[in-house]
**Student:** 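Provided herewith is a single structure, encoded as structure tokens, for subsequent inquiry.
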Amino acid sequence: MEDTVTEAVRKQYEAYSYPPPIEDAEKFLKQWGPLTCDPRFAGIQLWPEGRPRQDLRILCAGCGSSQAALIALNNPDCSVVGIDLSEASLAQSNRLRERHSLGNLELRQMSLLDVGQLNRSFDLIVSTGVLHHLPDPDAGLKALADVLDVRGSMAIMLYGTAGRAGVYLVQDILRRLGAGPNAEGVRIARELLKAVPSYHYLVSTNGKLPNDLTDDVGDAGLVDMLLHPQDRAYSVPEIMAFVETAGLIFSGWNDNALYCADRYLSGEMLERILALPAAEQWAVMDNLAVLTSRHDFFVRKPESARFLIRFDTDDFLAYVPLVRAGTRLAGVANALILTRAASHGEVVTPISRSEALLLERADANKSISEILSDAVFVPFEPEQRTKFARAVCERMWRSGHLLFGRRNA
Ligand SMILES: C[S@@+](CC[C@H](N)C(=O)[O-])C[C@H]1O[C@@H](n2cnc3c(N)ncnc32)[C@H](O)[C@@H]1O
């Protein structure tokens with residue numbers, strides 16, 4: 001093993017596989033739907049220009065007990081390689097491989113730092129909840145970048161500093177008490193949790209401890225959250241720097257709603273924040289909302305920069321808008337809203353009747369300019385139409401209600 005930290009991390013996941021293993025991947029997908037990094041779910045976000053090939057080569061780096069198997073099951077045309085340090089977690093994944101006859105899933109025990117030894121490249125790399133456990137996360141992302149195809153896309157999840165403030169306070173107490181990732185450490189942690197006051201940062205806005213800390217999900221979640229030997233979190237500017245240092249580009253959040261200024265602000269404050277560059281807006285919103293304990297995002301190689309979704313030129317007229325799954329139009333007290341359940345509550349966006357006319361025509365096939373050629377918009381001057389569409393689309397993109405693909409990329 002390369003170093004003592006990596007060895008400590010491996011040992012933890014040998015003793016406490018995470019996430020808690022699942023028995024039946026098919027049942028799981030039926031109950032919960034695909035993972036948000038699954039290419040069948042997030043395809044348009046991973047490749048707004050269109051999927052590079054049907055038979056994607058997917059790497060699940062730090063696959064844990066089930067992630068690679070869930071993706072392999074849901075994407076039978078694709079080949080999935082799952083790598084992990086933990087033999088115990090790989091054994092759980094292998095159980096799912098056998099149970100569901102997943103001939104498209106290959107599992108390997110290795111560090112993602114050594115992924116170059118596979119001598120392969122991948123169209124999609126998924127690494128969620130892993131890089132922040134490496135002694136040198138920068139080296140981890142670079143190793144993954146080296147095996148990403150030039151047209152590929154990566155889905156990453158890193159812990160968020162603001163939303164995990166309470167976790168680090170409690171981790172600090174447990175470290176001082178000598179509690180480690182073992183049965184005695186778990187006992188001490190559960191005793192301590194009894195004394196955590198209801199106003200502590202660890203307690204969620206619903207007044208409850210995070211799910212992973214409740215007894216009924218076993219001990220692995222508690223160990224992962226409170227007794228981890230190596231764990232760090234990221235603010236938004238730190239994520240941007242992390243991506244840049246690896247020679248990659250940030251290509252979007254899994255759900256913009258978590259960083260959406262319109263959701264929390266209005267009037268002068270909203271105007272001031274919307275005048276900032278996008279990454280600054282997201283940094284401000286992360287600090288203001290303080291709820292984001294995990295940042296889920298996508299990164300790509302600089303060669304794919306031309307496919308990024310942007311609204312500062314008229315190119316956006318060629319985009320094909322797609323209403324995000326779960327978003328619905330509703331009438332409330334004579335007004336219209338778009339609404340969707342997200343991780344921190346409902347995302348509610350008021351919209352006008354004419355904005356609704358545009359959204360109703362977003363069928364995942366028509367481009368924005370095709371929508372604007374509809375008879376209802378024809379009475380308006382072309383310039384007026386473009387201005388109107390840019391404002392609606394940009395606002396709906398910020399709230400995450402609309403996703404966009406590119407035409408003829
Ligand atoms: C919190 S779990 C996440 C599992 C999975 N990605 C998911 O989201 O369900 C972290 C996993 O990363 C693995 N891991 C940590 N460091 C690693 C490394 N250097 N190389 C490969 N796997 C690693 C651990 O063994 C563990 O299974």
Side-chain angles (χ1 to χ4, degrees), residues 45 158-166 199-201 203-207 233-243 250-297 308-313 316 321 323-324 326-356 358-359 384 386-404:
Q45 291 172 288
L158 295 176
Y159 289 148
T161 306
R164 276 176 69 91
Y199 54 81
H200 195 278
Y201 297 155
V203 179
S204 308
T205 46
N206 64 8
Y234 289 76
S235 65
V236 169
E238 284 168 344
I239 288 182
M240 299 303 150
F242 179 58
V243 172
F250 179 87
S251 57
W253 301 112
N254 190 297
D255 190 347
N256 278 353
L258 268 59
Y259 311 87
C260 172
D262 317 48
R263 203 173 155 198
Y264 298 95
L265 300 167
S266 59
E268 183 194 339
M269 276 333 286
L270 179 59
E271 264 177 47
R272 278 181 176 269
I273 286 165
L274 291 185
L276 298 172
E280 290 289 297
Q281 294 180 29
W282 299 329
V284 169
M285 295 322 298
D286 189 34
N287 286 350
L288 187 69
V290 297
L291 291 174
T292 301
S293 58
R294 51 180 289 165
H295 298 289
D296 284 274
F297 57 97
L308 293 181
I309 294 303
R310 48 195 298 178
F311 296 93
D312 54 353
T313 73
F316 84 96
V323 178
R324 193 187 183 103
T327 291
R328 60 192 178 84
L329 186 64
V332 177
N334 256 352
L336 286 174
I337 56 162
L338 278 182
T339 176
R340 165 169 64 90
S343 51
H344 305 146
E346 205 70 14
V347 186
V348 179
T349 310
I351 62 164
S352 68
R353 303 247 160 225
S354 41
E355 289 172 336
L358 189 147
L359 286 164
Q384 224 183 334
T386 302
K387 192 173 166 206
F388 158 76
R390 189 194 314 277
V392 189
C393 291
E394 201 169 358
R395 199 157 74 87
M396 295 306 144
W397 175 76
R398 284 201 303 270
S399 66
H401 289 314
L402 276 191
L403 304 172
F404 296 90

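Below, each value reflects all heavy atoms present in this structure, side chains not excepted, and no hydrogens, waters or symmetry copies.
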**Student:** To the nearest 0.5 Å, how far apart are CG in L274 and SG in C260?
**Tutor:**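 It is 8.5 Å, given to the nearest 0.5 Å.
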**Student:** Is any side-chain heavy atom of F388 closer than 4.5 Å to one of T386?
**Tutor:**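 No, their side chains stay 4.5 Å or more apart.
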**Student:** Side-chain contact, heavy-atom cut-off 4.5 Å: H295 with D286?
**Tutor:**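 Side-chain contact under 4.5 Å: yes.
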**Student:** Can a donor-acceptor pair be found, under 3.5 Å and without considering hydrogens, that links the side chain of R340 to the backbone of S399?
**Tutor:** yes
**Student:** Looking only at heavy atoms, what is the nearest atom pair of L358 and C393, with distance?
**Tutor:** CD2-SG, 4.5 Å
**Student:** Rounded to the nearest 0.5 Å, what separates atom OG in S293 from atom OH in Y159?
**Tutor:**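 It comes to 9.0 Å.
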**Student:** Once side chain to side chain donor-acceptor pair (under 3.5 Å) is applied, do any residues pair with D312, and if so which ones, sequence neighbours excluded?
**Tutor:** R310
**Student:** Is the shortest side-chain heavy-atom distance between I239 and L158 below 4.5 Å?
**Tutor:**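 Yes - at least one pair of side-chain heavy atoms lies under 4.5 Å apart.
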**Student:** Examine distances only and state if a side-chain atom of E271 and a backbone atom of E268 form a donor-acceptor pair shorter than 3.5 Å.
**Tutor:**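 Side chain of E271 to backbone of E268, a donor-acceptor pair under 3.5 Å: no, none is there.
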**Student:** Taking the side chain as every heavy atom from C-beta outward, state whether T327 and T339 have any pair of such atoms under 4.5 Å apart.
**Tutor:** no
**Student:** Side-chain contact, heavy-atom cut-off 4.5 Å: H401 with V347?
**Tutor:** yes
**Student:** Just wondering, more than 12 heavy atoms not from F311 lying within 6.0 Å of its CZ?
**Tutor:** yes
**Student:** Give the minimum heavy-atom separation between I273 and A261, together with the two atoms involved.
**Tutor:**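 Shortest heavy-atom separation between I273 and A261 comes out as CG2-CB, 3.9 Å.
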**Student:** Name all residues meeting the side chain to side chain contact (heavy atoms under 4.5 Å, CB included) criterion together with L308; count only those two or more places apart in sequence or in a different chain, and write none if there are none.
**Tutor:** I249, S251
**Student:** Quick one: side chain to side chain contact (heavy atoms under 4.5 Å, CB included) partners of P350, sequence neighbours excluded?
**Tutor:**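 Applying side chain to side chain contact (heavy atoms under 4.5 Å, CB included) to P350 gives none.
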**Student:** Identify, with sequence neighbours excluded, every residue that meets side chain to side chain contact (heavy atoms under 4.5 Å, CB included) alongside D296.
**Tutor:**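 Testing D296 for side chain to side chain contact (heavy atoms under 4.5 Å, CB included), a comparison that skips the adjacent residues, returns M157, N254, R294.
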**Student:** If every non-hydrogen atom of N334 is compared with every non-hydrogen atom of R353, which pair is closest and at what distance?
**Tutor:** O-NH2, 3.7 Å
**Student:** Supply the atom-to-atom distance R263 CZ to L288 CG, rounded to the nearest 0.5 angstrom.
**Tutor:** 12.0 Å
**Student:** Under 4.5 Å between any side-chain heavy atoms of L329 and I351, yes or no?
**Tutor:** yes
**Student:** Please list, chain by chain and in numerical order, all residues satisfying side chain to side chain donor-acceptor pair (under 3.5 Å) with T161, sequence neighbours excluded.
**Tutor:**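 Expected list: none.
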**Student:** Please test D262 against T349 for side chain to side chain contact (heavy atoms under 4.5 Å, CB included), starting from the C-alpha separation and ending with a verdict.
**Tutor:** CA-CA 8 Å; D262 317 48; T349 310; over 6 Å; no
**Student:** Looking at V236 and A279, what are the two nearest heavy atoms and their distance?
**Tutor:** CG1-O, 3.8 Å
**Student:** Going by heavy atoms in the side chains, are F404 and I309 under 4.5 Å from each other?
**Tutor:**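 Yes, close enough: below the 4.5 Å cut-off.
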**Student:** With ring centroids as reference points, do F297 and F250 lie under 6.0 angstrom apart?
**Tutor:** yes
**Student:** Would you call D255 and R324 a side-chain contact if the rule is heavy atoms closer than 4.5 Å?
**Tutor:**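 Heavy-atom side-chain distance check passes, below 4.5 Å.
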**Student:** Just say parallel, tilted or perpendicular for the rings of W282 and W253, cut-offs at 30° and 60°.
**Tutor:** perpendicular
**Student:** I need the minimum non-hydrogen distance between Y201 and A165, along with the two atoms involved.
**Tutor:**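 For Y201 and A165, the tightest heavy-atom pair comes out as CD1-CB, 4.1 Å.
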**Student:** Mind checking the CE-CD spacing from M285 to Q281? Nearest 0.5 Å is all I need.
**Tutor:** 9.0 Å
**Student:** Indicate yes or no for a side-chain donor-acceptor contact from H344 to the backbone of L291 under 3.5 Å, with no hydrogens or angles considered.
**Tutor:**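 Between the backbone of L291 and the side chain of H344 there is a qualifying donor-acceptor contact (under 3.5 Å).
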**Student:** Indicate yes or no for a side-chain donor-acceptor contact from E355 to the backbone of S352 under 3.5 Å, with no hydrogens or angles considered.
**Tutor:** yes
**Student:** R390: what forms a side chain to side chain donor-acceptor pair (under 3.5 Å) with it, not counting sequence neighbours?
**Tutor:**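 Counting only residues at least two positions away or on another chain, R390 forms a side chain to side chain donor-acceptor pair (under 3.5 Å) with D314.
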